[in-house]
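Below: one structure, written as structure tokens.
Sequence lines set the chain letters: A, B, ... in the order given, protein chains first and strands last, and positions in each chain run from 1. Excluded from the calculations below are hydrogen atoms, water molecules and symmetry mates; all remaining heavy atoms, backbone and side chain alike, are included.
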There are 2 protein chains.
Amino acid sequence: MSEPMYRLIARDLREQIESGAVGPGAQLPTELELRDRYRASRNTVRDAVKWLMTRGLVETRPGQGTFAVQRIQPFVTTLSPNPETGLSGVEGAGAFAEVRERGRTPSASGPRVEVQLADGAIAARLRIPEGAQVVTRHVEMYIDRVPWSLQTTAYPMTLVSPDALDLLTAQEIPGGVAAYLKLKLCIEEIGHRDRILVRLPNESEIRFFRLPDDGRVSVATVVRTGYRDGDHGPEPYRVTFTVFPADRNQFVINSGRVPKDLAAPARG
Amino acid sequence: MSEPMYRLIARDLREQIESGAVGPGAQLPTELELRDRYRASRNTVRDAVKWLMTRGLVETRPGQGTFAVQRIQPFVTTLSPNPETGLSGVEGAGAFAEVRERGRTPSASGPRVEVQLADGAIAARLRIPEGAQVVTRHVEMYIDRVPWSLQTTAYPMTLVSPDALDLLTAQEIPGGVAAYLKLKLCIEEIGHRDRILVRLPNESEIRFFRLPDDGRVSVATVVRTGYRDGDHGPEPYRVTFTVFPADRNQFVINSGRVPKDLAAPARG
DNA sequence: GCAAATTTGTTCGTATGTATT
DNA sequence: CAATACATACGAACAAATTTG
């Protein structure tokens, strides 16, 4: 009896799901039926279902039953700049363009603007002291009205001169913030550094993306630090955090000469 | 009584962990102690601990107790080519160089070479029929003797001519496969496309990386397709799958002019 | 709109097995 | 070997969500 019973039950159910005997979205037998079928107690059956649930194979709906999960068609975001437009798919116009190119409809909430104190994550990227003032602009992005990403950009408060007060207005800046900063403050982005990291979602992310409440689905964060010309080499002037649910998003980075086609989702 | 008791207990324990009252690695009270403290049954306490475990906040060791998890210092891999060497940090010499640059010691298993039939994932990338023959080279990489990544590169079998039989030998090719292919077959990589995707680990990955058996820790896969010059534009000639545990790895992509310093881990 | 039936969720008690010290 | 601590398993009861009649 090396393997516990709930694992045996879980394995059996799993094979039925992966073999296709129980199709995606199909309902599994109820807990009481499974109890009879496997001659176990309801609690043991529930342990097996819980095991499958942690691994994202099934989901339970109170009052309804247990269901095999639906496979999600992932969305692909291109991080490297489009050679024609120079824009990448994570932010602003580039993101909208890529979504449209894939035949889907992007939308975004008007930015929510705040002046706040830099936390450790922001301070480290902008090379400013923790607690220094920053302007943050938050945007919620949707694809076909479905929550897609949460984006926060932070600028040092020192950037906000009388010439560039629009940074503080909670409105979309026509043409994008980058063009605005270039026009008003002669700040040009000479390069950026993307960091990709995976972590568990926090509560607000779980709410916004409607993720399962357990820690099953991670989020991928793209941290983009933008640099401008400075006295001692490139100097950070903004940092953008974009959070994506990891179960329905992939990222593509092109380097050198690659096919022009839109990158399709991959398995791996 | 809107919130169930096991959630209340879990929340209380969680606050103690996140506030630092229970430091990383510290042992929590035993289940029986918790049962007395919260005036609940042992099963309810176990439900609370299970909730914390799914979210990666604690780990249990049979016969020992329940412990707050250790924070892992993530390792940062640079995907974009190093401007000086032209090598990226995911594979071959570039990976070794980046690990050494960070003051740590890389090592790798000698490659395991197989001739196998292309599955869907490989076939789609190489634009060959599913089931066509491919040569695969598997490498296990370690940092300071700790499992770091699993790498598999597939080449179409049609590449293996009498001039380039070394592809089939289970030995490290001095100078790397890229240089070898250029010398022997005049195949030069003119560009590559990286895809990053996050998924749950399979059984062999759980074993190799010593991941928890539940689905808590995801793996990030970097799928790199290498292109050479072809009659109708860039043509794929190899695809490399590199699998990293997502809880201890981050990825960096530089674009344009950025600081020369080694990118440090980020939060976000 | 309401009541009944169904289904999963929570909580308790208890017993026994297995890993570690 | 004994004590400790977590793991598995069973049975029972009631609560909450949902669908159905």
Nearest-angstrom distance from the residue atom [atom1] of [X] to [atom2] of [N]:
| X | N | atom1 | atom2 | value |
| --- | --- | --- | --- | --- |
| B/Gln64 | D/dT4 | CD | C1' | 11 Å |
| B/Arg46 | C/dG17 | CZ | C1' | 12 Å |
| B/Arg7 | C/dG9 | CZ | P | 12 Å |
| B/Asp47 | D/dC6 | CG | C1' | 14 Å |
| A/Glu3 | D/dA7 | CD | P | 16 Å |
| A/Arg42 | C/dT8 | CZ | C1' | 6 Å |
| B/Met5 | C/dT10 | CE | P | 12 Å |
| B/Asn43 | D/dA12 | CG | C1' | 13 Å |

- Message: Can you pull out the residues from residues 51-63 of chain A that lie within a 4.0 Å heavy-atom distance of DNA chain D?
- Response: A/Pro62, A/Gly63
- Residues from residues 22-40 of chain B lying under 4.0 Å of DNA chain D - heavy atoms: B/Thr30, B/Glu31
Test ring-ring contact (aromatic ring centres under 6.0 Å, His included) applied to [X] - qualifying residues, sequence neighbours left out:
| X | result |
| --- | --- |
| B/Phe67 | none |
| B/Tyr6 | none |
| A/Phe209 | none |

- Side-chain N or O of B/Thr66 closer than 4.0 Å to phosphate OP1/OP2 of D/dA5: no
- Message: Check this one for me: any side-chain N or O of A/Ser41 less than 4.0 Å away from OP1 or OP2 of D/dA9?
- Response: no
Please name all residues satisfying side chain to side chain donor-acceptor pair (under 3.5 Å) with [X], sequence neighbours left out, ordered by chain then number.
| X | value |
| --- | --- |
| A/Gln70 | none |
| A/Gln250 | none |
| B/Thr153 | B/Thr240 |

- For A/Glu18, salt bridge (Lys or Arg N to Asp or Glu O under 4.0 Å) partners two or more places apart: A/Arg14
- Residues which pass salt bridge (Lys or Arg N to Asp or Glu O under 4.0 Å) with A/Arg100, listed by chain and number, not counting sequence neighbours: none
- Message: Between B/Tyr142 and B/Phe208 (judged by ring centroids, cut-off 6.0 Å), do the two rings come close enough to count as a pair?
- Response: yes
- Message: Applying side-chain hydrogen bond (donor to acceptor under 3.5 Å, both in side chains) as the test, list every pair that has at least one member in residues 46-58 of chain A; sequence neighbours left out.
- Response: A/Glu31-A/Arg46
- Task: Using five pairs at either end of the helix from C/dC2-D/dG21 to C/dT21-D/dA2, determine the angle between the two local helix axes and round it to 10 degrees.
- Result: 10°
- Assess B/Arg102 against B/Phe75: is NZ or CZ under 6.0 Å from the centre of the six-membered ring, and within 45 degrees of the ring's axis? yes
